[in-house]
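Note that the structure is a prediction, hence the values are computed from the model and not measured. Worth knowing before you read on, the calculation uses all heavy atoms, side chains too, and leaves out hydrogens, waters and symmetry mates. Here is how names work: the chains are called A, B, and so on, in the same order as the sequence lines, proteins then strands, and each is numbered from 1.
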Amino acid sequence: MEFDFSPVITYFPTLARGIGATLLIAVVVALLSVLGGQLVAVISIFTRKAVSWPLRFFIWLFMTTPLLLQLYFLYFGIGEWILIPAVAVGVLGLGFHYMAYNADIFIATIKSVSHGQYEASRSLGFGHLATLFYIILPQAFYRAVPQLGNNMIIMVKDTSVLSAIGIAELVYRSQYAISVTFRPFEFYITIAAIYYLINVLMESGQYWFERRAANRR
Amino acid sequence: MTAATDTPMVELKGVKKRFGALEVLKGIDLKVDRGKIISIIGPSGSGKSTLLRSINNLEEIDEGRILLDGVQVNRPDLKGLAFERHINHIRQNMGMVFQHFNLFPHLSTLENVTLAPRKLKGMDAGSARELGMELLERVGLADKASVYPSALSGGQKQRVAIARALAMRPKVMLFDEATSALDPELVEEVNQVMKRLAEEHMTMLIVTHEMAFARDVSDWAMFMDGGVVVEENTPAHLFTHPDHERTRHFLRKHLGNQPQTQPHG
């Protein structure tokens, strides 16, 4: 058989909308999962068991079950009672999933900041929360960057799973184009290259940030 | 927080502290007048570091009273957030310097110094920078203002830590074995900074293993062992004619020859 990429060019505007959706979802999920991950980590470290144990259970639940199952559960399961828009389910599902993974990292890096840092800050007159905010969390964040970066790269690829609940991201759009043009190879090769490109960009961003973080810990 | 000038800057009355079953401070009384420099010496485990840390409540005492410029530091009557507000306010008047520096590695040297005045006193960026540069100048590190702590030597780190503590304009400075973690050749530069503070009549409490430094710089010296003050006197007296055998024994081991191992508090 012969390759013919002209349908890809014809349908590139369709793919471009998919790329836009993928990137937008990825950015929102990254913010949600990183900020939420820090919050979950802080609460699970610094509060009493009645609060922290349910949170640890939440982390454990999201880390031990498949993402696709979690999305189906939120969309079709809970959808029996309340119909949540697919985009909201997608962003929240993916967001919670990676929030759990990121929280796990932050719990480790927050605990790795030495107690001397806490004491130095308190001795200047900073309170407990101010110390967390100005001293502990920034250092924990720098230490978390390598693993966070890896998680976020996996997350971008996982946005493709959202096509299963009908979100028009890159894979979903390409499937539509394939159904019209009957050119699966060309489209799959193209979107594979697009994911590859996004991840190469993210890796170089991560590399830049890690170098910046290296002399700050 | 003003008081009559004859109020001691720091006063401890019957301070007791236990770690579980072990009593590490067995009723300590101490008065430090403003502008005076007190050295506290003693073997490891004598309670000297615990005593210093108690003064700004990094260790909570079990009994007794601690006063800073007439204001009580330990307040068993205050709980939770009320106590936190109280102690945060008190601590702004006390500078603490730690054995292991504890500089904030994610902040530049200048930011280490200016963080507290900016966030706690609401100082604007310009004045904070001015203050920070002036303090870095005083410890001889103005040229390192934009550098991160990981690029500094131990002695430089400790000098920045002193500048950081001074940035809140404290009434008293607490030094917890400030030179114990330093390579021998870096000790002198930190001692010089502390000597200059002494000349400027900063009230200072110094826990140290540097006997020669303690003898030269302080107005009063205390020897602690087993959670009690064994004896206290002028440094001239304490270091040359100690009254107690335990003090003599300790000084024989520490004066003249370098300690063989890195001392720990």
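When atom types are taken as modelled, the side chain of Glu84(B) and the backbone of His128(A) share a donor-acceptor pair closer than 3.5 angstrom. Asn56(B) places no side-chain N or O within donor-acceptor distance of the main-chain N or O of Ser123(A), the cut-off being under 3.5 Å.
No more than 12 heavy-atom neighbours from other residues, nucleotides or ligands sit within 6.0 angstrom of CD on Glu60(B). Within 6.0 Å of CZ on Phe209(A) lie more than 12 heavy atoms contributed by other residues, nucleotides or ligands. Counting heavy-atom neighbours within 6.0 Å of Glu80(A) CD, excluding the residue itself, gives a total of 12 or less. Counting heavy-atom neighbours within 6.0 Å of Tyr176(A) OH, excluding the residue itself, gives a total of 12 or less. Other residues, nucleotides and ligands contribute over 12 non-hydrogen atoms within 6.0 Å of the CD atom of Glu134(B). Around OH of Tyr207(A), the count of heavy atoms belonging to other residues, nucleotides or ligands within 6.0 Å does not exceed 12. Atom CZ of Phe73(A) has 12 or fewer heavy atoms from other residues, nucleotides or ligands within 6.0 Å. With a 6.0 Å radius and a threshold of 12 heavy atoms from other residues, nucleotides or ligands, Arg53(B) has its CZ atom above the threshold.
When the options Arg164(B), Lys119(B), Gln92(B), Arg91(B) are evaluated for a side-chain contact (heavy atoms from CB on, under 4.5 Å) with Leu124(A), the one that passes is Arg164(B).
The shortest distance between side-chain heavy atoms of Asn88(B) and Phe126(A) does not fall below 4.5 Å. The shortest distance between side-chain heavy atoms of Leu115(B) and Ile135(A) falls below 4.5 Å.
Proximity to chain B (any heavy atom under 4.5 Å) is restricted, for Tyr142(A), to the side chain, taken from C-beta onward. Contact annotation for Met94(B): only backbone heavy atoms (N, CA, C, O) come within less than 4.5 Å of a heavy atom of chain A. Proximity to chain B involves both the backbone and the side chain of Tyr134(A), based on heavy atoms less than 4.5 angstrom apart. Both the backbone and the side chain of Phe104(B) have a heavy atom closer than 4.5 Å to some heavy atom of chain A. Neither the backbone nor the side chain of Leu81(B) comes within contact range of chain A, judged by heavy atoms closer than 4.5 Å.
With respect to chain B, the highest number of heavy-atom pairs below 4.5 Å among Gln139(A), Arg122(A), Glu119(A), Arg216(A) belongs to Arg216(A). Residue with the most contacts toward chain B among Ser121(A), Ala130(A), Ala213(A): Ser121(A) (heavy-atom pairs, distance under 4.5 Å). Most heavy-atom pairs under 4.5 Å with chain A, from the set Asn102(B), Leu58(B), Leu174(B), Leu107(B): that is Asn102(B).
The structure places CD of Gln117(A) at 7.5 Å from NE2 of His106(B), a figure rounded to the nearest 0.5 Å.
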